[in-house]
Amino acid sequence: MPEGPELALAGRYINEACGGLVFCGGAERSAVGRGPEVPFRSEAYRLGAAARGKELRLRLEPLGPGRPQALVFRFGMSGGFRLRPAAAPPRHAHLRFLTRESPPRALCFVDARRFGSWRLGDAWQPGRGPCVLTEYRAFRENVLKNLDDKAFDKPICEALLNQKYFNGIGNYLRAEILYRLKIPPFEKARTVLEALKHQEQARRKKNSSLTLSKKLKLKRDNPDLLELCHTVPMEVVAAEKNLLDPDHADNHTAFKNWLQCYGVPGMSSLRDHNGRTIWFQVTTRASKRRSRRAENPATLAVKKEEEEEEEAVPEPPRKGRARARRAAAAAPASSEPEAPVKVTRRRASARKGAGTAPAV
DNA sequence: CGTCCACGTCTAC
DNA sequence: TAGACCTGGACGG
């Protein structure tokens with residue numbers, strides 16, 4: 001579930017499904033939940049939610065006397081919220097808020113892997129930047145004003161996971177965003193982003209004579225990297241229709257269909273320096289020409305025809321820097337030169353699971 | 001059965 | 001920059 005869009009959707013889900021409900025009692029915490037007991041109890045209270053990047057704030061507002069209580073959640077790899085009959089809570093529900101309905105229901109914070117957590121109070125985690133979804137202006141400025149930060153010494157694909165600057169971007173979004181512009185993932189972040197500044201200025205000059213509506217259209221049709229950090233996650237939020245049931249089957253299917261790069265057959269993948277898989281498309285001179293011509297591709301058709309050509313593989317990480325605990329697979333023999341890094345190119349026929357296809 | 005992989009942080013050599 | 005923290009799904013033998 002959980003990158004910016006999923007947190008935003010969880011917030012909407014809570015507000016829409018629970019906005020009209022009255023809750024009562026305290027917050028029931030499971031024995032293993034990664035968060036504190038919640039010092040709150042009320043005979044009648046309401047819930048409201050707001051998301052910022054990869055955090056979600058929940059407010060418990062008593063209808064009668066009593067002080068409100070706020071909680072800030074992070075979802076880790078598997079967290080989310082569900083409203084369920086209180087008698088049949090989902091597995092791994094670590095915090096539950098009961099409604100006053102006749103057969104009561106419970107809004108549950110569910111998190112199988114327990115990398116998620118909550119804290120008391122309404123403060124966002126200090127050090128996380130503005131939300132790419134809800135604070136676009138501030139987000140953009142925060143990046144462009146701080147390009148001297150060493151965070152931008154890193155490859156763009158790694159910088160995009162830095163929540164100090166890209167609060168809400170995660171592993172699938174970084175792939176989808178870079179893919180839209182065909183930016184090689186291991187290009188230095190500062191180089192990519194400095195270019196935006198100049199580009200911004202150049203365009204402003206060039207377009208100064210155009211009408212406002214033409215300017216807007218130009219901007220829409222040629223989004224830069226930072227704009228995509230906003231619009232791409234917005235697409236996910238807009239696409240999800242079954243808000244009231246986060247685990248409705250259609251949702252997942254729609255999401256899978258939306259992905260153009262992450263985990264998609266035909267795309268390539270590498271481990272970044274933190275051992276995370278970065279998905280991207282190997283670009284060739286030919287394919288660049290092709291996509292420039294196509295501009296608004298009937299995506300599926302374009303993907304299919306992607307085939308063998310001499311490739312301009314992005315600068316790979318200097319080392320395999322792979323997973324945590326490897327079963328001593330690749331021989332550690334020769335130290336440097338041949339990086340154990342594999343560029344995997346999946347053909348359309350390849351099996352669906354990630355990491356299956358043969359290296360080329 | 002087993003191994004590998006997963007939408008994310010954290011902290012400790 | 002390795003791990004640690006977790007469960008569960010997909011796939012292989």
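Everything numeric in this text was worked out from a predicted model, so none of it was measured. Just the heavy atoms: all of them, side chains too, but no hydrogens, waters or symmetry mates, feed the values below. We name chains A, B, ... by the order of the sequence lines, and we start the count at 1 in each one.
Comparing H92(A) and R34(A) against DNA chain C, the residue whose closest nucleotide sits nearer the 5' end is R34(A). Residue whose closest nucleotide on DNA chain C sits further toward the 5' end, between R91(A) and K154(A): K154(A).
Between R174(A) and dC7(B) there is no side-chain polar atom (N or O) within less than 4.0 angstrom of OP1 or OP2. Regarding contacts with the backbone of dC7(B), every side-chain N or O of S78(A) stays at 4.0 angstrom or more from both OP1 and OP2. The shortest distance between the side-chain N/O atoms of Q163(A) and the OP1/OP2 oxygens of dG8(B) is not below 4.0 Å.
Within the structure, salt bridge (charged side-chain N to carboxylate O under 4.0 Å, His left out) contacts touching residues 142-151 of chain A (residues at least two apart or in different chains) are E141(A)-K145(A), D149(A)-K164(A).
The side-chain contact (heavy atoms from CB on, under 4.5 Å) test applied to P85(A) returns no partner, not counting sequence neighbours. Scored by the salt bridge (charged side-chain N to carboxylate O under 4.0 Å, His left out) test, K188(A) finds no partners at all (sequence neighbours excluded). When the salt bridge (charged side-chain N to carboxylate O under 4.0 Å, His left out) test is applied to R180(A), the partners found at least two apart in sequence or on another chain are E235(A). For H230(A), the ring-ring contact (aromatic ring centres under 6.0 Å, His included) partners are Y136(A), not counting sequence neighbours.
One interatomic measurement links the two molecules: CD of E158(A) to P of dG8(B), which rounds to 14 Å at whole-angstrom precision. Y262(A) places its OH atom 11 Å from the C1' atom of dG8(B), with the value rounded to the nearest Å. Put simply, CZ on F75(A) is 17 Å from C1' on dC6(C), counting in whole angstrom units. In this structure, the OH atom of Y172(A) is 14 Å from the C1' atom of dA6(B), given to the nearest Å. The interatomic distance linking R276(A) (CZ) with dA2(C) (C1') rounds to 15 Å, in whole Å. Across the protein-nucleic acid pair, D272(A) atom CG and dC5(B) atom C1' stand 15 Å apart, rounded to whole Å. In this structure, F166(A) atom CZ and dG8(B) atom C1' are separated by 17 Å, rounded to whole Å. In this structure, the CG atom of L160(A) is 15 Å from the P atom of dC7(B), given to the nearest Å.
Side-chain atoms of D224(A) and Q199(A), non-hydrogen and from C-beta on, do get closer than 4.5 Å to each other.
Residues of residues 113-131 of chain A having a heavy atom closer than 4.0 Å to DNA chain B, listed by number: R113(A), F115(A), Q125(A), R128(A).
Ring centroid separation for the pair F255(A) and Y172(A) comes in under the 6.0 Å cut-off.
dC13(B) and dC5(C): their P atoms are spaced 12 Å apart (whole Å). Between dC6(C) and dA12(B), the two P atoms lie 14 Å apart (nearest whole Å). Straight-line distance between the C1' atoms of dG9(C) and dT9(B): roughly 22 Å, to the nearest whole Å. A gap of 23 Å separates the C1' atoms of dT1(C) and dC7(B), to the nearest Å.
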Exercise answer: donor-acceptor pairs, residues 209-216 of chain A side-chain atoms, under 3.5 Å, sequence neighbours excluded:
| from | atom 1 | to | atom 2 | distance (Å) |
| --- | --- | --- | --- | --- |
| T211(A) | OG1 | S213(A) | OG | 3.4 |
| T211(A) | OG1 | K214(A) | N | 3.2 |

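Checking dA6(B), dT9(B), dC7(B) against every side-chain atom of K54(A), the shortest atom distance belongs to dT9(B). Comparing dC7(B), dT9(B), dT7(C) by their closest approach to the side chain of E6(A) singles out dC7(B).
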task: Give DNA chain B the dot-bracket treatment, 5' to 3': Watson-Crick (N1-N3 with N6-O4 or O6-N4) or G-U (N1-O2, O6-N3) under 3.5 Å, [ ] crossing, | other strand.
output: ||||||.|||||.
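N167(A) pairs with exactly one of R128(A), E55(A), Q125(A) by the side-chain hydrogen bond (donor to acceptor under 3.5 Å, both in side chains) rule, that one being R128(A).
Apart from V72(A) itself, the hydrophobic cluster it occupies contains W124(A), where clustering links Ile, Leu, Val, Met, Phe, Trp and Tyr at side-chain heavy-atom distances under 4.5 Å.
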